[in-house]
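Structure first, then comments.
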Amino acid sequence: MTEPILRVEHLVKHFREGRHTIHAVNDVSFEVYPGEAVAVVGESGSGKSTMARCIIRLERPTAGRIVFNGEDITHHSARQMRPARRMLQMVFQDTHESLNPLFSVRRILREPLILHGLNHDKTQILGALEKVKLDQNHLGRRPHQLSGGQKQRVGMARAMITRPQFVVLDEPTASLDMSLRLQTLNLLRELQRELNMAYLFISHDLSTVRHLCDRVLVMYLGRIVEAGRVEDVFDHPRHVYTQALLSAIPIPDPTIQRQRLLLSGETPSTRQLKPGCGLQDRCPHVSAECRVPIPFYKVSDGHVAACRLAKPPIIEEKL
Amino acid sequence: MDMTEPLLALENLSVTITDNRGQSKPILQGVSFEIYPNEVMGLVGESGSGKSMTALAIMGLLPRRAKPQSGHIWFNGHDLLTLSKREWYAVRGSQLAMIFQNPRAALNPLMRVGQQVARVVRLHQSLKKRAAYEKALDLLQQVGIPDSQTRARAYPHQLSGGMAQRVLIAMMLACQPRLLIADEPTTGLDVTIQAQIFELIKTIQAEFGTTLLLITHDLGVVSEVCQRVAVMQDGKIQEVATVGELFAHPQHPYTQHLMNTLLRVDRPTNSRA
Amino acid sequence: MTTTPDTGATDQSPSLWLSFWAILRSNPLFRYLLRRLGLAVLALVGVIGVAFFLTSVLPGNPAVVRAGPLANEERIERYEREMGLDRPLVVQFADYVVHLAQGDLGESWSSRQPAQDELRARIPATVELGIVAFGLTLAISLPLGILAAVYQGTIIDWVIRLFATFGASVALFWLALIGIHLFYYEWDIAPPPLDRLTIGTEEPPSVTGLFTIDSLLAGDIKTCRDALNHLWLPAMTLALVVSAPMTKMIRSAMLETLDKDFIRTARAVGLPPRTIILVDALRSAFIPVLTTSGIVFGYLVAGNVIVERVFSWAGVGQYVWQALDANNLNAVRGFILLIAVVYIVLNLVIDLLYSLLDPRIRLN
Amino acid sequence: PATAQEEKPQIIIAYDGDIDHIELMQFRSVAAYDATANLYEPLITQTVVANDSGELVGQAEFEGAIAESWEVSEDGTVFTFHLRQDAKFADGTPITANDYKYTFDRAITGPGYLALLTPFMAIDTADQIQVIDDYTLQITTNRPAALTETILGFQVFGAISQATASANATEEDPWAEQYFHQNSNSSGPYVITEWNQGVEYVFEPNPNYWRGPEFFQNSATIFRVVPEASTREQLLRAGDVDVALGIPFSSLDALKQDSNIAIHAIPTTRIYHLGMNNNVAPFDDVRVRQAVSMAVPYDAIIENVLAGYGQQPKSPVSVGMEGYTDEYWSYDDGDLEAARALLETAGYGDGFEIDLTVPQEDQGRVDAATWIQAGLAEIGITVNINAVPTAQFSELLYSHELPFFIEQWYSWGNDPFYQLTFNLKCDAFPNYVNYCNPEVDALIDAGTFSRDPQERADLIRRAQQIIVEEAPWAFLYQPDLIIATRSNVTGLALFNDLTLRYAYLGKTE
Amino acid sequence: MLHLLLRHFTLLLGSTLLIGFIGVAWIGPTQMKYEPEKVSRNTYERPSKDYPFGTDKFGRDIQTRVVHATQLDLRIAFTVALISFAVGSVIGAIVGYYGDWLDAIVMRGVDVLFAFPSFLLAMVITGVLGDSERNVITAVTIAYIPYFVRLTRGQMLTVRTLPYADAAISIGNPSWRVALIHLLPNTLAPSLVQMSMVAGWAILDTAGLAFLGLGITSPTAEWGVMISEGAQRITTGEWWMWLYPGAALVLAAFAFNLIGDGLRNLLQQ
Ligand SMILES: Nc1ncnc2c1ncn2[C@@H]1O[C@H](COP(=O)(O)OP(=O)(O)OP(=O)(O)O)[C@@H](O)[C@H]1O
Ligand SMILES: Nc1ncnc2c1ncn2[C@@H]1O[C@H](COP(=O)(O)OP(=O)(O)OP(=O)(O)O)[C@@H](O)[C@H]1O
Ligand SMILES: [Mg+2]
Ligand SMILES: [Mg+2]
């Protein structure tokens, strides 16, 4: 394989809130290769956005390393980061609030070009618009004159216009309708193919992930609990949390009757973290082993899970 | 399906809303459907299709600027649209109740949750203060709040969304309504919690026999929870069917379109190569 | 929250105190108060500095004022020396701060009395007027604000909003003059605009300094009635002007609250409208209104300066006006400090109330 | 007599200002001046005579107060006072020559400004006052002085109890100033029984006053602080006060319509002048000063600012003072041609621009400035009115650099030489126009220390001639003192010092 | 249409009034027969043909003075509102965006200023600076700057956490551009409301100061000065002296308040 475009090593991000420390991201490592779409899934508060914000350096990581395109950007200042931003873009979660309400579409799209000293004549902007399937007469509009889907496409155009190599998409479809969502996903796929970008696609909607991505990272309480190719993880989840997550999703098919794996209780607070598995208080299969740090067990090629149930029964074979 | 008298019948309901500029626009146009006792009725449709407005019209809680233009809402032999303000207060809560999305905001932030449930108990079951509180604790227990004694003393902001929704459900149980409307009760909750809440709703529905109108835009939820379903688009009902029929043979083009845009987690979507 | 250790406690083991302290410290409300108190002290230090240096550059030499029309250089110099004005400003400031630390605001240069005594003597009049005006303000603006919000968009709302807007546009001194002219002079409903009691009426024995309360404590209904009689017109004048912004604030807070989800829930479960408005909505709406009370306080104090002048009301407002005119700097500074302290304390109290009223604040 | 006291009415006076303090030698406020006049009794006092309108006006003659009688030596330098044996302080202790000695010591060496007054009596040191025995006091002046009696009659030389003073004196405060700020051991007719700063002061007859209870026409006089003028008026109209001070001239005509109100407009020698700084261009040129003097619209000011309640002085000596003459006055109102010509010759043919500084609290001066502005505009002088707070005004004046201002003066001594000494002698501190003419100085000195009326008259004529000619001031107006009372109030008594003597105030039914 | 009119009635009424006032301030002075400060011997004339609003104690035409005062008072109102808004917003934006110790220091300072009622603050500052139009403007402006600092800072604290702030950074904006170009304009809406309120308050404060003899003083034609001159005559029946300038003052303040209310309504929708 080629060099990864992004390498995240032991990333930690803590927030201080009064006397408390919020353990938003705890020791996360992964790589993203050019042209691939990696999904990050997990429930609300699991640290997905925080991780993404660290990667594009909207936050300063507490510990760990972020290497983008071979350059360690972990400790870059805002000024040092600026050149890198051309290649490292983000599409934001909230379609409505990620566009400056006072700027016209033209201005929104022109700004990144100007900032990075790129050619910013009309053809560039029109080209970008065309890619996201908007037309010229949207140029003069302000965000409030656009529908939700259109706004999201403007946001995508803004991220893509500098032809970045890597784009973080933080739940780009969360606030969209089903049909819009599908359109958007298809558009993203086209763009990716066309521009050969790598995606880090954050979502808690697993069905969209299945539709768009190559690999998936499952996060819980700021840790990756399972990772692997989408088919592997979704069809053969090994971590109890992944299993619960998948089984909780209603399937629009009345003919299917599933046995649901219900977790008891709720996600614990990120203020204090217990060592070991994050799910230890909710898991029906919990054992003493879960209360000490658990390594990743390899399930298959590229598929790992941090759960004792995924532990390969090697020892027994030896005996 | 029990095809006796419907509990609630919307007949040709039209509602218009007047915007800031004084222009009125229809938001519900000739909406008709029935809900029968003890069933779980689903109402699906895209955002803005008028699902919430339908629910609010039934509750008599339409925003000030929205006015019913024509039609009837038959409930118990009365047309709800003709009720006076005073009569409404006899109907709301005791006959009809509703839970909303964003449960934490739906609770009074300045009152302990136990008190909030208790005062509804007192209102509808004419109990003494003490007894009402005891009853409230019972209800909290029933909706699966562990350690309800302590939790009852919490303020809404100290509860998670899931817990808050349970409190709201307890509050509605205190009303003992004939019809409960749930407007996207799990939006904004995590999937695992969402699953818990739906389990709870199903149990309660089975136990108390409450009639339920469940509003959602998620066909998955419909297929798992509802018995019958109405599909809305642009303020109109496009199709009413049992869940089985709907998924097997969607009649209306719009319903078919909805079916086509479904993404499924249990298997790769056809469109992905 | 207050912990006044009695003297006998000293022979108790210190660890008890330490642990008590630890418990206190771990109480988030207490910690919050402690921090607020720290900030308040900081702000106060700022006020002292600003007050001192700002007033020091007021044009006019106080020694000159004191020397009077038969002045000569030698006398002016002597007074400057006596009043300490010949020293560098920084030294004067240091001296001021040292005295301040002992509760000494310095001499009021016109009457040659300690400024703190004079201020203290004036405070009750202002407080009494302020409280009654504030009470009237609430009495006017609460019902109006609630009515306007509940009947939003109707003619009631219109009238109330117009009243509020108009009230915010009226010059207080103008209103006061017209009020006196009409109520006292033309119609003879109000007593003469001359301080707090009718001439010749004995002041009640001072307990709180508030004549209405003191006279009641002394069981003297007549004096109380007299005090009230003198109070209502100035208080009403102030209240009319202050209730304009207050009404608006209450209205918009109420509107915002009535729009909240939990109000909809309350309606959906069939709670009667009165409960919803007076219990659910009002209590919530009161929180934002409370936070703006500082501004209302500002209106009241500023209004007091004018009202006290017009009604010959011997409060601190009139006092500072005279002091400013006579370059009586210690008095002006004392006044500024007084206002600042009251304002800061008020804000502390508001914060405290706020955290009592709003459980969301309590734990953060 | 106690019952008789109670039948007497109470008099309520609305004051336009507050008392600062009543320390006899340092108070500043006009109100305190009234108060101390009723608290302290000097050796001798002016006689009063009722005029046509029933006001009791102080005369140039003196009668004994605490001094029963006195003799003046032939050369007019030795004054021997025989004190009343029955005069007592409010605390019942007798008033003795020692107390007066103490008072003069305090005035000459102690705090306050009185050391500025004693030179008029040709007294420099405290030694010149001697106690002969308990009831005999001798004052020896350096030379005969015209104003010795006048000044001895000032209330500020009223008896202070030495015993009270020493009882309250401390190391840092040897003259017991602190004590006397709010306390007095009255030697005069009243004692303050209620001290409520900023609100009200109650004066009740001093039970030990030597003239006895019959002297008092009221059982108490209540002094009320009412800052707002229109409020005072309304109070008077409604009968809530008996006397109101500081009523604006412009209200008088309307008030007069009210038959229950009597307006007492008492001509005084208080003189307002337009000061032109002789050291500062363009006023260093006498022709400019004269031109200004010609262009001021005197009539308009008196008519509008004073509503006619006042008179126009035509010399630095006030109208009504002994020796006043208008014969040298040559600046008739409206002689604009002459004024322009003078400016032309002085090199200001195109006029000039100048700030006219006035204290903003004095509405009369601000208004007068407006008329002056209009008048001077006619001869091409652009006047900007600069109304500043009193404190600042004083400071500016005291710098002696203010070019153009309106200032006023009132001579307690009601004497032209006294007036000129303070105002126009070279280097006199209140000579804010820096006028200096050695000849005038010599004239003033001679007059001050002459006890010969004719000589004094000649001297002052000459002085007026020079000063009017050199026009350091434009003499603006002398306002009447306005005291508005309910019409049933009687006994309005005024001395030279223009303060009310409360004891005379009474009421008819 | 009627509905629309009613909805924005306050804004419409306020703007109409204000435009009227601006018109008077603009054209009025040239239309007047008299000079505002020109004294005459026709003092205390009742309103008549010659003097539609009567004359004052200097025989000056009150109508002329009210009209000239309109210009002065509006100028004060606008200048105060604009400068305090401009200065306050920029400070607030910077402080709100960069936060930290800068925020702590500046906001403590603002707290200190807030500890004084703005009118008293203006009173003391005018006392320090002396009386002139410029000084009144300075004093009142200083008194109101903290309002805008607070408001903008508060807005900034919200706005800077919004996704479009992050978006602005992520496309490579330097931080000053984020603060001043992207975010500041979005914080201004409430300040606009505040501005029109402040304009109204500025007029009232100026008049209040004039009543206390501070700031603008006689003979300048200013409403507050005229009212306090009239107030001295409140008992003697020259009602025209205080009525007309008083009405002008109240109406002008009313106009600004109406506009403020109207704007707020508009923004809240
Ligand atoms: N600026 C911040 N200060 C303090 N805590 C923060 C901050 N940002 C995030 N957090 C906390 O960090 C944790 C992780 O938040 P994050 O937004 O990364 O979750 P997420 O997985 O993106 O959730 P969602 O799916 O709801 O977007 C949460 O507990 C959150 O409250
Ligand atoms: N207060 C309002 N003023 C004007 N139009 C409104 C208002 N509330 C709702 N609408 C309009 O009414 C229509 C129906 O809205 P409704 O809230 O019923 O949709 P919904 O189906 O519940 O959508 P969602 O799934 O987003 O909740 C929409 O077109 C919406 O824009
Ligand atoms: Mg997120
Ligand atoms: Mg809805």
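A note on names: the letters A, B, ... follow the listed sequences, proteins ahead of strands, and every chain is numbered from 1. Note that these values count all heavy atoms, side chains included, but never hydrogens, waters or copies made by symmetry.
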Between [X] and [Y], how do the two ring planes meet: parallel, tilted or perpendicular, split at 30° and 60°?
X      : Y      : answer
C/W187 : C/F183 : perpendicular
D/F405 : D/F393 : perpendicular
D/Y418 : D/F120 : tilted

Selection from [options] maximising heavy-atom pairs under 4.5 Å formed with chain C:
options                        : result
D/Q178, D/Q197, D/H181, D/E194 : D/H181
D/Q392, D/R28, D/H21           : D/R28
D/V202, D/L396, D/V199, D/L397 : D/V199

Notebook entry, point to check: Are the aromatic ring centres of D/F422 and D/F429 under 6.0 angstrom apart?
Noted result: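 That pair fails the under 6.0 Å test.
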Next item on the list: Decide side chain to side chain contact (heavy atoms under 4.5 Å, CB included) for C/R112 and D/Q182; before the verdict, give the C-alpha distance in whole Å, the side-chain angles of both, and the deciding distance to 0.1 Å.
Entry: CA-CA 9 Å; C/R112 314 288 309 279; D/Q182 292 195 351; over 6 Å; no
Next item on the list: May I ask you to name which of C/W313, C/Y319, C/F311, C/Y79 has the most heavy-atom pairs under 4.5 Å with chain D?
Entry: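 Looking at each of C/W313, C/Y319, C/F311, C/Y79 in turn, C/Y79 comes out on top.
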Margin query: Below 4.5 Å, heavy-atom pairs only: which of C/R309, C/E118, C/Q113 has the largest tally toward chain D?
Written below: C/Q113
Note to self: Side chains of D/R365 and D/T357 only: does a donor on one sit below 3.5 Å from an acceptor on the other?
What the structure shows: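 Judged by distance alone, the side chains do not pair up.
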Next item on the list: Measure from the side-chain N and O atoms of D/R224 to the backbone N and O of D/V241, and report whether any donor-acceptor pair falls under 3.5 Å.
Entry: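 Side chain of D/R224 to backbone of D/V241, a donor-acceptor pair under 3.5 Å: no, none is there.
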Next item on the list: Side chain from CB out, backbone as N, CA, C, O: work out which of these in D/F180 comes under 4.5 Å of a heavy atom of chain C, or both, or neither.
Entry: neither
Check: Which bit of D/I12 is near chain C, if near means a heavy-atom gap under 4.5 Å: side chain, backbone, both or neither?
Finding: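 Answer is side chain: those atoms of D/I12 sit under 4.5 Å from chain C.
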Checklist line | Part of residues 81-107 of chain C lying next to chain D, heavy-atom separation under 4.5 Å | finding: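 Within residues 81-107 of chain C, near chain D: C/E107.
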Notebook entry, point to check: When you measure from the centre of the six-membered ring of C/F211, is the NZ or CZ of C/R196 under 6.0 Å away and within 45° of the axis?
Noted result: yes
Notebook entry, point to check: Below 4.0 angstrom, N of the basic side chain to O of the carboxylate: do D/E23 and D/R106 qualify?
Noted result: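 Yes, charged N to carboxylate O under 4.0 Å.
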